[in-house]
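A short write-up of the structure that comes next.
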Amino acid sequence: MSAERDLLNIDLEDEDKKHKMKRVVPTPNSYFLDVQCSRCSMISIVFSHSQTIFKCPKCQTVLARPSGGKATISPKCRFRKKIND
C-alpha cells in the first residue's frame, strides 16, 4: 500500500489538483461569477460552465460565451468569483 494520508490535516493545494470525484469531500469545479458590464456597469450573475451566450439584461452586450468547457468572459468585462457564505 502507498504512504499513509493524514485525513485530519489535508493539504488543500493537493486536493484542488485532484479530479472532482477523487477528493476527500467530492466537490464540483464549477462556480458562479459576478460579471460587470463594460457599457452600463450593471452586475449580473453568470455560471462558470454556462452553455449559452449570456447578454446584459439592460443593454444587450455579450458578457460571456461558451467555449466547450468554461464560459469565456468578454475582454472588457470585469468579474469576480462569487463566495458562498
Side-chain angles (χ1 to χ4, degrees):
M1 188 133 262
S2 63
E4 294 181 22
R5 288 179 43 189
D6 186 7
L7 296 177
L8 293 176
N9 302 313
I10 299 169
D11 187 17
L12 296 177
E13 291 177 6
D14 289 340
E15 283 294 305
D16 287 339
K17 293 177 185 175
K18 290 182 182 178
H19 186 269
K20 62 183 178 182
M21 297 305 290
K22 302 279 183 179
R23 297 177 186 149
V24 174
V25 177
T27 54
N29 294 331
S30 55
Y31 45 89
F32 288 94
L33 299 164
D34 284 332
V35 180
Q36 184 177 13
C37 180
S38 59
R39 291 171 89 192
C40 66
S41 299
M42 183 175 177
I43 296 175
S44 302
I45 299 171
V46 179
F47 185 58
S48 65
H49 289 72
S50 63
Q51 295 298 309
T52 58
I53 293 177
F54 190 84
K55 295 182 179 181
C56 176
K58 194 172 183 183
C59 65
Q60 298 300 314
T61 303
V62 175
L63 299 177
R65 60 183 65 229
S67 63
K70 291 185 178 178
T72 305
I73 307 296
S74 296
K76 293 184 180 179
C77 294
R78 297 158 123 206
F79 68 94
R80 70 176 178 194
K81 198 171 180 179
K82 233 172 152 41
I83 300 171
N84 297 335
D85 288 336

| message | Strictly distance-based, threshold 3.5 Å: is any side-chain N or O of T61 a donor or acceptor partner for the main-chain N or O of C56? | response | no
| query | Around Q60, counting heavy atoms of other residues, nucleotides and ligands shown, do more than 12 lie under 6.0 Å from its CD? | reply | yes
| If you count the non-hydrogen atoms of other residues, nucleotides and ligands that lie under 6.0 Å from NZ in K76, is the total more than 12? | no
| Under 3.5 Å donor-acceptor, Q36 side chain and D34 backbone | no
| field | Considering all heavy atoms, the nearest C59-R39 contact | value | O-NH1, 3.8 Å
| task | Show your reasoning for whether side-chain contact (heavy atoms from CB on, under 4.5 Å) applies to L33 and Y31. | result | CA-CA 7 Å; L33 299 164; Y31 45 89; 3.5 Å; yes
| Should we count CZ of F79 as having more than 12 external heavy atoms under 6.0 Å? | no
| message | I need the minimum non-hydrogen distance between V62 and S74, along with the two atoms involved. | response | O-OG, 2.7 Å
| query | When rounded to the nearest 0.5 angstrom, what distance separates CD1 in I73 from CZ in F54? | reply | 9.5 Å
| message | Restricting to non-hydrogen atoms, name the atom on A71 and the atom on F47 that form the minimum distance, rounded to 0.1 Å. | response | CB-O, 4.3 Å
| message | If the test is side chain to side chain contact (heavy atoms under 4.5 Å, CB included), which one of K20, K70, H19 qualifies with N29? | response | K20
| message | Using 0.5 Å steps for rounding, measure from the CZ atom of F32 to the OG atom of S50. | response | 10.0 Å
| remark: So CG of D11 and NZ of K17: to nearest 0.5 Å the spacing works out to 8.0 Å
